Number of protein chains: 2
Amino acid sequence: MTEQEKSYHHGNLASALIAATVEIIDERGVDGLSVREVAKRAGVSPGAPFRHFSSKAALLTAVAEQAMERLVAAVEVAQADDDDTDPLAQIERIGLGYLEWATQNPTHFQIVSSRSLIDFNGSATLRQMNDGIRTRMADLLERAQQAGQLTANADTEALVLSCRAFVYGLARMAADGHFPEWHPNGEPLDLMRRALADFIAGMRA
Amino acid sequence: MTEQEKSYHHGNLASALIAATVEIIDERGVDGLSVREVAKRAGVSPGAPFRHFSSKAALLTAVAEQAMERLVAAVEVAQADDDDTDPLAQIERIGLGYLEWATQNPTHFQIVSSRSLIDFNGSATLRQMNDGIRTRMADLLERAQQAGQLTANADTEALVLSCRAFVYGLARMAADGHFPEWHPNGEPLDLMRRALADFIAGMRA
DNA sequence: GCTATATGTAATCATCGATTACATCCACAT
DNA sequence: ATGTGGATGTAATCGATGATTACATATAGC
């Protein structure tokens with residue numbers, strides 16, 4: 001990345017474009033992003049990006065895929081290594097990891113969750129990663145039920161949705177600007193932590 | 001509205017523009033909306049809308065205000081008239097009214113909740129209505145706690161956030177297309193109903 | 001080396017949000 | 001009634017944008 005300066009070909013424009021896109025979105029928000037400026041920042045002509053991404057949505061989808069990978073990674077890191085851990089505690093860890101990542105990477109989370117800007121259904125990768133988290137939580141809930149941690153005739157299907165919606169709701173509220181003043185790791189996250197803990201507690205039999 | 005046909009002045013362009021905006025968004029989504037087509041559909045020149053709304057965001061903000069009024073109305077209708085009702089049941093009713101409205105009016109809900117497209121902070125009306133719902137729920141939770149329906153030392157602040165996030169999360173998931181196939185009043189709403197009931201039940205002492 | 005292909009450029013289009021100067025209409029004071 | 005000023009709509013135009021096309025240049029494999 002140091003001195004290849006003036007070669008006709010960029011080398012790896014695709015990744016450079018993704019990086020530039022993230023930069024711009026960090027600075028000016030998801031709106032206010034133009035392919036032209038992405039191109040300019042990568043040092044190429046305005047039409048060049050379309051060689052690698054057939055549309056602006058395709059570019060953003062690529063960014064979303066990269067972001068989703070990090071989100072999944074964060075969620076996995078957050079889980080306890082011990083596989084015998086209390087399933088509900090494990091769910092809480094997942095939720096917390098999700099929330100921490102979402103609040104600390106609002107830009108990326110916004111891209112991942114706003115499906116009007118990206119082609120979610122067109123990306124098998126995105127769907128896989130999305131389903132991965134969901135089935136993981138479904139498994140944990142199933143295990144919790146078999147361990148007798150939930151009410152006997154618990155509606156697991158509804159509970160899976162509950163967990164997803166609860167965490168998604170908190171993350172989305174933050175990303176959508178429902179917390180007027182805040183800064184990452186500040187009080188809102190603390191509040192969210194307490195809310196999450198209460199929520200998990202409420203599920204216990 | 002029948003035969004004023006060819007008068008230079010439209011009469012009430014502002015509301016006609018809002019209506020046209022909603023129409024277009026219903027047809028083609030929030031993106032894919034252009035002020036020009038709004039103008040065309042209202043039968044005026046491309047610049048005319050800017051006499052009434054200083055920007056595209058201002059137009060969408062007006063749409064959001066109208067939508068928010070309906071949402072608030074739906075939430076109020078959903079509540080039990082009897083003011084001695086169980087506070088937690090009242091909260092459940094509010095949540096259900098919110099969810100039903102959001103799922104039956106996905107377009108409007110999307111506009112209300114996506115604050116990147118509208119000038120939320122610039123609209124006192126929007127903030128008031130938003131705060132109205134929140135304080136209403138805070139009051140109900142306070143009352144529930146005093147009635148001993150919650151655990152003794154319940155964290156009311158966290159609980160208010162929990163309720164908001166839970167309902168918002170469900171509504172947003174629906175609006176964001178997290179339920180692949182569905183149609184209003186169909187199974188997803190049923191599932192959401194069950195999830196909401198479980199959630200409220202989980203808060204009970 | 002020669003050539004097929006991948007990659008970037010230049011030029012161009014239609015569309016969009018927004019602004020400006022001008023036209024038209026309506027209400028109100030006289 | 002009148003005619004004047006503010007409100008409302010039109011016409012023309014600007015700069016930026018997403019996207020496409022024809023062309024130039026570099027790279028890889030034979």
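Here the structure is a predicted model, which means the values were calculated and not measured. Values below: every heavy atom of this structure, side chains too, minus hydrogens, waters and symmetry copies. Throughout, protein chains are lettered first and strands after them, A, B, ... in sequence-line order, and every chain is numbered starting at 1.
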Give a yes or no on whether a salt bridge exists between A:R136 and A:D139, defined as a side-chain N under 4.0 angstrom from a carboxylate O. no

Taking only Lys NZ, Arg NE, NH1 and NH2, and the carboxylate oxygens of Asp or Glu, determine whether A:E65 and A:R70 approach each other closer than 4.0 Å. no

Show me, pair by pair, the donor-acceptor contacts under 3.5 angstrom made by side chains of residues 160-170 of chain B, not counting sequence neighbours?
unit_1 : atom_1 : unit_2 : atom_2 : d
B:S162 : OG     : B:A158 : O      : 3.2
B:Y168 : OH     : A:D176 : OD2    : 2.5
B:Y168 : OH     : B:R172 : NE     : 3.2

Sorted by chain and residue number, the side-chain hydrogen bond (donor to acceptor under 3.5 Å, both in side chains) partners of B:T107 (sequence neighbours excluded) come out as B:D26

In whole angstrom, give the distance that lies between atom [atom1] of [X] and atom [atom2] of [N].
X: B:K40; N: D:dG9; atom1: NZ; atom2: P; result: 19 Å
X: A:L59; N: D:dT17; atom1: CG; atom2: C1'; result: 14 Å
X: A:R36; N: C:dC13; atom1: CZ; atom2: P; result: 14 Å

Sorted by chain and number, sequence neighbours left out, side-chain contact (heavy atoms from CB on, under 4.5 Å) with B:R93 holds for B:A80, B:Q90

Under a 4.0 Å heavy-atom cutoff, the residues of residues 44-56 of chain B touching DNA chain D are B:V44, B:S45, B:A48, B:R51, B:H52

The correct set of residues in residues 17-35 of chain B placing a heavy atom under 4.0 Å from DNA chain D is none

Notebook entry, point to check: So A:Y98 and A:F109, would you call those rings parallel, tilted or perpendicular, with 30° and 60° as cut-offs?
Noted result: perpendicular

B:R28 meets the salt bridge (Lys or Arg N to Asp or Glu O under 4.0 Å) criterion, sequence neighbours left out, with B:E37

CG (B:L71) and CG (B:N105) are apart, to the nearest 0.5 Å, by 9.0 Å

